[in-house]
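For reference, the structure is listed below as structure tokens.
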Protein chains: 2
Amino acid sequence: MFKLNTCLVLFNKNSIPLKSNFNDKQILILEVAETLFAEKGFDGTSIRNIAKVAKINIAMVSYYFGSKERLLESLIVYRTSDLKNQLDNLLNEELEPIDKINKLIELYINRINSNRGIYRILHFEFTSKKREQNLQAFSELKKGNLKSLEAIIEEGQKKGIFRKDVIIPLITPTILGTFFHFHMNKPFFENLLNLKTEDLYNNYIKTNLTKHIQQTIKALLIYES
Amino acid sequence: MFKLNTCLVLFNKNSIPLKSNFNDKQILILEVAETLFAEKGFDGTSIRNIAKVAKINIAMVSYYFGSKERLLESLIVYRTSDLKNQLDNLLNEELEPIDKINKLIELYINRINSNRGIYRILHFEFTSKKREQNLQAFSELKKGNLKSLEAIIEEGQKKGIFRKDVIIPLITPTILGTFFHFHMNKPFFENLLNLKTEDLYNNYIKTNLTKHIQQTIKALLIYES
DNA sequence: AAAAAAATTAAACACTTGTTTAAATTAAAC
DNA sequence: GTTTAATTTAAACAAGTGTTTAATTTTTTT
């Protein structure tokens, strides 16, 4: 009567297989919801709206997710769950700490850039006071990410490469903040940097912007005043 | 039966008298709406919600503003109408172009910083596709602001102080974008820069951040590659 | 003080919202 | 093939939405 844990195997863009706890219909609903939430906001999107676009009955959202709020929570889980695994894999690679940091930044920017919908939702819904409760899943993810980052940096500090007076929790906001500012002003930078096509824009992010952020964090961690 | 143009005189923080087309009750409604829209978003705020906080009848919003959407438009007009006058006054001052630019930046940052509610609304509501139509009033304001900026810069270009290959429409986004990025990550910078009190935070914006933006724009306008 | 205009109110309007129900259909298990 | 479980459906639910109405109160004008 109420089946939630159908497991299937998905492939991300680097063809690393990963489990998902959502079935095909749930994923359809999640991806339609992602598009609409990103376009019109959570409050601006109705379940009937989602159902119409996804061509499903309006009761299916409650059937599969319980409620609209839980749909949002599931969406966050769906789009962020494998990030933890990717970070864990990175942690176990045999690399110098600074190379791990660089890879971590590349991974962050790549992920956000290819999942703009969910990060737009996170940016808009969770900077408003109304949705403060819903971010539990998101908050736990961030805690996990921070732990991974801490592990890398403490490794670098033990080796004497990184400064010891750096405030680790502030590094993630720096990485993400730089990207968001760039992307929130997309039309501006498209003109400024002559990024006429979507490809040119994406390429600029992948190369120049990522490089800039890497240099920034490297300077923060290594530079002695 | 329907009176909209009661004029009264208001005083802004620099005690420059300015006319307002809204009466006391309308202003009450506008300011309550501003708070709630900023807190919970336009869609997340109901007219009954506004009426309750403002302690007025729910019909008063329609009576004074026509509709909820027109209330939002009126709010934008209310909070941005005197900016044009301030810019015009600045234009007519006898100052060197670079000093006018510096004053313009100071004026922008000061205004946004002391009207965070409306700029939060503008940032959130008008970066979503849903509210694209409503920004006519806002769009006209920006066009007017751009004209003022163009006037100052062309004056500087004639005097041979400013470069001539600068893209003027991109300067405003640079000024505002720098501030917004700082402010959207307020908790981050409060920690990073040890701005424990609201006063310390505001003071940092007024001094260091403003100075930084002024230096940036100055470099953009004057620096020869 | 009387008349006209403006402001305010409670009630109702028609519509949308998220969610639930109970029946019907489809798929899976035996 | 029958039974059981999972899915899908249309309909209804109660609550909330923006807006309008028509009557009442308050204020202004004459």
Side-chain angles (χ1 to χ4, degrees), chain A residues 1-8 20-34 36-37 39-76 121 125 128 130-131 133-134, chain B residues 1-8 20-34 36-37 39-76 121 125 128 130-131 133-134:
Chain A
M1 210 213 233
F2 205 87
K3 186 185 151 209
L4 274 182
N5 286 330
T6 310
C7 280
L8 72 154
S20 170
N21 293 312
F22 302 109
N23 63 38
D24 290 10
K25 200 121 258 177
Q26 285 177 304
I27 288 173
L28 170 68
I29 295 169
L30 286 169
E31 297 194 340
V32 169
E34 182 180 31
L36 295 178
F37 288 166
E39 263 180 23
K40 313 196 290 176
F42 182 78
D43 288 317
T45 306
S46 72
I47 289 184
R48 280 165 182 80
N49 209 332
I50 296 167
K52 199 177 180 183
V53 176
K55 288 170 186 164
I56 50 139
N57 189 275
I58 52 162
M60 297 306 285
V61 172
S62 294
Y63 177 71
Y64 277 124
F65 298 98
S67 70
K68 192 188 174 189
E69 300 248 325
R70 297 251 303 275
L71 170 63
L72 177 58
E73 285 170 21
S74 294
L75 178 55
I76 293 163
I121 293 164
E125 299 302 334
S128 93
K130 208 187 176 196
R131 214 84 55 210
Q133 296 175 324
N134 291 66
Chain B
M1 209 213 238
F2 205 88
K3 187 183 149 210
L4 274 183
N5 285 330
T6 311
C7 280
L8 71 153
S20 170
N21 293 312
F22 301 108
N23 63 39
D24 290 9
K25 199 120 260 176
Q26 285 178 304
I27 289 173
L28 170 68
I29 295 169
L30 285 169
E31 298 193 339
V32 169
E34 182 181 30
L36 294 178
F37 288 166
E39 264 180 23
K40 312 197 289 176
F42 182 78
D43 288 316
T45 306
S46 72
I47 290 184
R48 281 164 182 80
N49 208 331
I50 296 167
K52 199 177 180 183
V53 176
K55 287 171 188 167
I56 51 139
N57 189 276
I58 53 162
M60 298 306 287
V61 171
S62 294
Y63 178 71
Y64 277 124
F65 298 98
S67 71
K68 192 189 173 189
E69 299 249 325
R70 296 252 303 275
L71 170 63
L72 177 58
E73 285 170 21
S74 294
L75 178 56
I76 294 163
I121 294 164
E125 299 301 334
S128 94
K130 208 187 175 194
R131 213 85 53 210
Q133 296 175 324
N134 290 64

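Below, read A as the first sequence line, B as the second, and so on, with proteins coming before strands; counting in each chain starts at 1.
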Gap between atoms CZ and C1', on A:R48 and D:dG16 respectively (whole Å): 12 Å
For A:A54 versus A:L28, what's the shortest heavy-atom pair and its separation? O-CD2, 3.6 Å
For A:I121 and A:E34, which heavy atoms make the closest approach, and how far apart are they? CD1-O, 3.5 Å
Any side-chain N or O of A:Y63 under 4.0 Å from OP1/OP2 of D:dT7? yes
When rounded to whole Å, the CD1 to P distance for the pair B:I58 and C:dA14 reads 16 Å
Taking the side chain of B:S67 as its heavy atoms from C-beta onward, which of D:dT19, C:dA10, C:dT21 lies nearest to it? D:dT19
Hey, does the side chain of B:K25 come within less than 4.0 Å of C:dT8's phosphate (OP1/OP2), counting only N and O? yes
What integer distance in Å separates A:L36:CG from C:dT17:P? 12 Å
Is there a side-chain contact between B:I50 and B:K68 in this structure, where contact means two heavy atoms from C-beta onward sitting under 4.5 Å apart? no
Please state how far atom CG in A:N57 lies from atom C1' in C:dA24, giving the value in whole angstrom units. 12 Å
Any side-chain heavy-atom pair of B:L30 and B:F65 under 4.5 Å: yes
Whole-Å gap separating P (C:dA7) and CG (B:D24): 11 Å
Separation of atom CE in A:M60 from atom P in C:dG18, rounded to whole Å: 17 Å
Send over the distance from B:L72 CG to D:dG18 P, rounded to a whole Å. 13 Å
Rounded to the nearest angstrom, tell me the gap between atom NZ in B:K68 and atom C1' in D:dT19. 12 Å
OP1 or OP2 of C:dT17 versus the side-chain N and O atoms of A:S46: is any pair under 4.0 Å? yes
